[in-house]
> 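After the structure tokens below, expect a handful of questions from me.
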Amino acid sequence: MTEGTITTAAEGSDTLTRLEQEGEIAADYLEGLLDIADLDGDIDMDVEADRAAVSIISDSARDLEKLVGRDGEVLEALQELTRLAVHRETGDRSRLMLDIGGFRAKKREVLAALGAKAADEVKSSGEPVKLEPMTPFERKVVHDAIAAAGLRSESEGEEPQRFVVVLPA
């Protein structure tokens, strides 16, 4: 092995360790919130796409619906609070992703299908397609689906009215 290979492997290991630490801090924080709210839920931690990913799962979907809120608004707020808790402990900005009751996973599937449909429309018409305003998470999923279809996309507008434009090849 060369020195560059060893350094790269060590950096990858350090990143994984840091992300696992973020997940553990987030899990502790979320367990505390669940206790305070007297809600049942299990915490699952993982590392996905260079991000710590934490999920709250439960047999009682009704409890978790409260934590998701309308259109995921409460989930977004909890994710930001959890990121702040991680930042307080580590001093580093966190890109942690939080999912509750599979809400984001389901949303990801719907958005990927929307992106693929928009890409097909652009391929057949040759004209750009503007989608409805979305959150940063939603736009990222759509951008990935557009790229997978071999097209380009851009985000336009200002938050909270920022949207994706799918462009012809």
Side-chain angles (χ1 to χ4, degrees), residues 1 4-115 132-148 153 155 157-164:
M1 254 193 228
T5 305
I6 293 170
T7 303
T8 303
E11 287 172 358
S13 175
D14 289 347
T15 300
L16 181 61
T17 301
R18 182 180 52 78
L19 293 174
E20 288 171 344
Q21 179 189 19
E22 280 187 24
E24 289 174 12
I25 294 167
D28 289 345
Y29 177 76
L30 291 166
E31 283 176 0
L33 283 176
L34 289 173
D35 287 344
I36 291 168
D38 196 28
L39 297 172
D40 290 328
D42 295 320
I43 310 289
D44 184 35
M45 297 178 294
D46 201 0
V47 173
E48 299 172 0
D50 294 331
R51 287 181 180 213
V54 179
S55 299
I56 301 174
I57 52 179
S58 175
D59 293 334
S60 174
R62 203 162 199 356
D63 280 350
L64 296 185
E65 287 174 3
K66 297 172 189 174
L67 296 177
V68 172
R70 186 173 48 106
D71 295 327
E73 291 173 341
V74 176
L75 169 60
E76 290 290 333
L78 286 173
Q79 177 175 278
E80 286 307 310
L81 288 171
T82 305
R83 286 177 174 176
L84 286 171
V86 170
H87 176 73
R88 185 184 66 226
E89 291 289 321
T90 65
D92 295 325
R93 182 178 176 275
S94 174
R95 295 176 53 234
L96 174 130
M97 288 296 294
L98 175 62
D99 193 4
I100 299 175
F103 178 83
R104 280 198 200 273
K106 292 173 199 151
K107 187 92 169 178
R108 187 176 279 123
E109 288 176 18
V110 169
L111 291 167
L114 173 68
E132 294 296 315
M134 299 177 190
T135 67
F137 162 76
E138 293 168 336
R139 289 194 310 271
K140 170 76 169 100
V141 173
V142 171
H143 283 305
D144 290 347
I146 301 301
S153 59
S155 291
E158 298 293 323
E159 295 293 352
Q161 296 299 313
R162 201 154 165 81
F163 59 93
V164 174

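Every heavy atom of this structure was used, including side-chain atoms; hydrogens, water molecules and symmetry mates were not.
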> Within this structure, what is the CD-CG distance for the pair Q79 and L84, rounded to the nearest 0.5 Å?
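If I round to the nearest 0.5 Å, the distance is 11.0 Å.
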> Side chains of I25 and Q21, heavy atoms from C-beta outward: is any pair under 4.5 Å?
yes
> Tell me the closest heavy-atom pair linking G41 and S58, and the distance in Å.
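Closest approach of G41 to S58, heavy atoms only: CA-CB, 4.0 Å.
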> Is D144 paired with K140 through a side-chain N to carboxylate O contact shorter than 4.0 Å?
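Judged by the 4.0 Å cut-off on N to carboxylate O distance, K140 and D144 do form a salt bridge.
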> I'd like to check D28 versus E31 (side-chain heavy atoms, cut-off strictly below 4.5 Å). Are they in contact?
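D28 vs E31: side chains touch.
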> Can you see which heavy atom on A145 is nearest to which on A112, and at what distance?
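Result for this residue pair: CB-O, 3.7 Å.
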> Which residue in the set L111, V141, V142 passes side chain to side chain contact (heavy atoms under 4.5 Å, CB included) when paired with V164?
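Exactly one pass, corresponding to V142.
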> Search all heavy atoms of E159 against all heavy atoms of P136 and return the closest pair with its distance.
OE2-CG, 3.9 Å
> Grab the two heavy atoms, one from A26 and one from T82, that are nearest each other, plus how far apart they are.
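Residues A26 and T82, closest heavy atoms: CB-CG2, 3.4 Å.
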> Just how far is it from atom CD of E20 to atom CG of D46, taken to the nearest 0.5 Å?
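Answer rounded to 0.5 Å: 9.0 Å.
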> Before you tell me yes or no, could you show the steps for Y29 and L81 under side-chain contact (heavy atoms from CB on, under 4.5 Å), namely the whole-Å CA-CA distance, both residues' side-chain angles and the distance that decides it to 0.1 Å?
CA-CA 9 Å; Y29 177 76; L81 288 171; 3.6 Å; yes
> So how far is it from L64 CG to L39 CG, rounded to the nearest 0.5 Å?
7.5 Å
> To check you understand the geometry: which heavy-atom pair defines the closest contact between P160 and P133, and what is its length?
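Result for this residue pair: O-CB, 3.9 Å.
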> For a side-chain contact (heavy atoms from CB on, under 4.5 Å) check, start with the C-alpha distance between L67 and L34, then their side-chain angles and the critical distance, and finish with the verdict.
CA-CA 10 Å; L67 296 177; L34 289 173; 3.6 Å; yes
> With rounding to the nearest 0.5 Å, note down the distance linking CD1 in I100 to OG in S55.
9.0 Å
> If you measure from CG on D35 to CG on D40, what distance do you get to the nearest 0.5 Å?
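Separation between the atoms: 9.5 Å.
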> Yes or no on side chain to side chain donor-acceptor pair (under 3.5 Å) for H143 and S153, after CA distance, side-chain angles and deciding distance?
CA-CA 6 Å; H143 283 305; S153 59; 2.5 Å; yes
> Do the charged groups of R162 and E138 touch, with an N to O distance under 4.0 Å?
no
> Would you call E109-K106 a salt bridge at under 4.0 Å N-O?
no
> Is the number of heavy atoms from other residues, nucleotides or ligands under 6.0 Å of D38 CG greater than 12?
no
> With the side chain counted from C-beta on, respond yes when F137 and K107 share a heavy-atom pair under 4.5 Å apart, and no when they do not.
yes
> Between M97 and R104, is any pair of side-chain heavy atoms under 4.5 Å apart?
yes
> Mind checking the CZ-CG spacing from R95 to L19? Nearest 0.5 Å is all I need.
8.5 Å
> So do the side chains of K66 and V74 get within less than 4.5 Å of each other, counting heavy atoms only?
no
> I56 versus D99: any side-chain heavy-atom pair under 4.5 Å?
no
> Let me know which of E22, H87, R18, E80 forms a side-chain hydrogen bond (donor to acceptor under 3.5 Å, both in side chains) with S94.
E22
